[in-house]
Number of protein chains: 2
Amino acid sequence: MGSKYISTSVIRRLPRYFRFLNSLKQTGMIRISSSELAERMGISASQIRQDLNCFGGFGQQGYGYNIEKLQAEIGKILGVDRGLKTVLIGAGNLGQTLAQSIEFEKRGFNIIGIFDKKEALFGEVLRGLPIRSADDLEDFCKENHVDAAILCIPFKEAAANIDSYVKTCGIRGFWNFSHYNINEKYPEVAVENVHFNDSLMTLCYRVINLDKKD
Amino acid sequence: MGSKYISTSVIRRLPRYFRFLNSLKQTGMIRISSSELAERMGISASQIRQDLNCFGGFGQQGYGYNIEKLQAEIGKILGVDRGLKTVLIGAGNLGQTLAQSIEFEKRGFNIIGIFDKKEALFGEVLRGLPIRSADDLEDFCKENHVDAAILCIPFKEAAANIDSYVKTCGIRGFWNFSHYNINEKYPEVAVENVHFNDSLMTLCYRVINLDKKD
DNA sequence: ACAAACTTGTTACTTTTTTTAACAAACTTT
DNA sequence: AAAGTTTGTTAAAAAAAGTAACAAGTTTGT
């Protein structure tokens, strides 16, 4: 199997290709060349060809790329149909909203359990799943293989429980909404951070300093 | 005023310094050297000194940095007390959750208006503010100077209204939860994207390819 | 069937960005 | 006043990202 290391910037462009090709597909277009795709996406043709080349050859000289096939290939690379077994940890305001509004199945995840500390929430149903006690998470993970977790809990909770999540529960991927730095302690797991506060502060800086742009 | 261009990586580290110094402050520590801060944060002392140096000298040779003062300085650089006048556009599931659960005032923003297309929502109160009709946004922006917008609307809505937001409303900063690429059309405004779907797909790829890490 | 026109996969090169190292100058402590 | 710290700053090194170029394979038109 291709075991080549792929740079972060390449990986981060894949979802955009995936989405873009999807919209092209819906217009009925059948094929596209790297240069036309490049122009439409506002990037360079070289970059597209080089990005794709990390994973293999999906086009044909003189023809270009079949849009549907290319999208399918990128989807396969990203693993959007893997249905990774996933638990939502923290069913507060944010956790509930994510559970209700995101199409996890189309992005490679399958939510199989929802957990919270707060007794008042136990039994409430979200996305067809009952909210369970966080105390039952370890047992749940022993009974069900769990690949990933969505972490919608405060920093302190994350810090206190990360050992359990990684070592006992065997979770290998985290969609992390807390500010706890998981990779510092466990560099071997996959982490995608979504740090609202940092993102906001960055935006604030940028608005204030618009004159310094570029 | 310092008009030097600051790289994105530097800016993105500032919020983390800000948060970290805050927690140190709360332990009662008064001063810290770049090398000790570096060790605690898991980065290099060189990098800290160089990052800070982009904005001026906040420490003292032989002494190090006064924690409270340094945090205050970084807060000032980020503009966390600017209270940028901000509207929330889109008060659906996500918009409501953000409005309710994020401390905007502590991150430099001041929410002064909430808008949505959906008539059923008009008048409902969020964060002490009534949800207004999206049709009134332009008028609202003419009466109130608006610096930034939180965009919790679908791609198509964003694409259809971005001209109004930028040109008519004069909004210069976007916290963008849609997939619409604002900077492609308006490179002159500040944008912070939060793309849940892309983030999820990236995580999926990473979990699947954990063996290729590093 | 053949030539002209395209377009990819791939390698090498260039540019930019990011990180690390080093050290004189300045302050603190004893 | 001397010894020990630690910064601000410049320069160098390393890493990453992006661009260009082209041989080889396809398609299209005649």
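Below, chain A is the first sequence line, B the second, and so on; all start at residue 1. Just so it is clear, the model here is predicted, and its values are computed rather than measured.
In terms of phosphate contacts, A:Y65 brings a side-chain nitrogen or oxygen within less than 4.0 Å of OP1 or OP2 of C:dG9. Phosphate proximity of C:dT7 to A:S34: absent, as no side-chain N or O sits under 4.0 Å from OP1 or OP2. For the pair A:N53 and C:dT10, the criterion of a side-chain N or O lying under 4.0 Å from OP1 or OP2 is met. Regarding contacts with the backbone of C:dT17, every side-chain N or O of B:S9 stays at 4.0 angstrom or more from both OP1 and OP2.
The distance between atom CG of A:D51 and atom P of C:dG9, rounded to the nearest whole Å, is 12 Å. For the pair A:Q47 CD and C:dT16 P, the interatomic distance rounds to 15 Å; values are reported in whole Å. What separates CG of A:N66 from C1' of C:dT8 is a distance of 15 Å, to the nearest Å. Counting to the nearest Å, the P atom of C:dC6 and the CD1 atom of A:I32 are 17 Å from each other. Per the geometry, CD1 belonging to B:I6 stands 12 Å off P belonging to C:dT18, to the nearest Å. Straight-line distance from the CE atom of B:M41 to the P atom of C:dT19: 13 Å, rounded to whole Å.
Heavy-atom minimum distance, B:F20 versus B:R40: CZ-O, 3.6 Å. For the pair B:A45 and B:A38, the tightest heavy-atom approach, listed with the atom from each and the gap, is N-CB, 3.3 Å. A pairwise comparison of heavy atoms in A:I171 and A:D147 identifies CG2-O, 3.7 Å as the closest pair. In plain terms, the two heavy atoms of A:I77 and B:Y205 that are nearest each other are O-CD1, 3.4 Å. What you find for B:E192 and A:S199 is that their closest heavy atoms are OE1-OG, 2.9 Å.
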Polar-atom pairs under 3.5 Å, protein N or O versus N or O of nucleotides 13-15 of chain C: list them with distances, or write none.
none

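As judged by a 4.0 angstrom heavy-atom cut-off over every strand, B:F55 is placed among residues making no nucleic acid contact.
Nucleotide D:dA13: paired with C:dT18 (Watson-Crick or G-U wobble, both distances less than 3.5 Å). Nucleotide D:dG29 is matched to C:dC2 when pairs are restricted to Watson-Crick or G-U wobble geometry with both distances under 3.5 angstrom.
For the pair B:L88 and B:R127, the minimum side-chain heavy-atom distance is 4.5 Å or more. Two residues are said to be in side-chain contact when any heavy atoms from C-beta on lie closer than 4.5 Å; B:L94 and B:F177 meet this criterion.
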Would you give a per-nucleotide map of nucleotides 20-30 of chain D, 5' to 3', where B means the base has a protein non-hydrogen atom under 4.0 Å away, S means only the sugar-phosphate does, and - means neither? BBB-BBBSS--
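Of the candidates B:L137, B:N161, B:D116, B:I114, B:L137 is the only one forming a side-chain contact (heavy atoms from CB on, under 4.5 Å) with B:I89.
The CE atom of B:M41 sits 6.0 Å away from the CD1 atom of B:I48 when rounded to the nearest 0.5 Å.
Each of A:L52 and B:T8 has a nearest nucleotide on DNA chain C; the 5'-most of these lies closest to A:L52.
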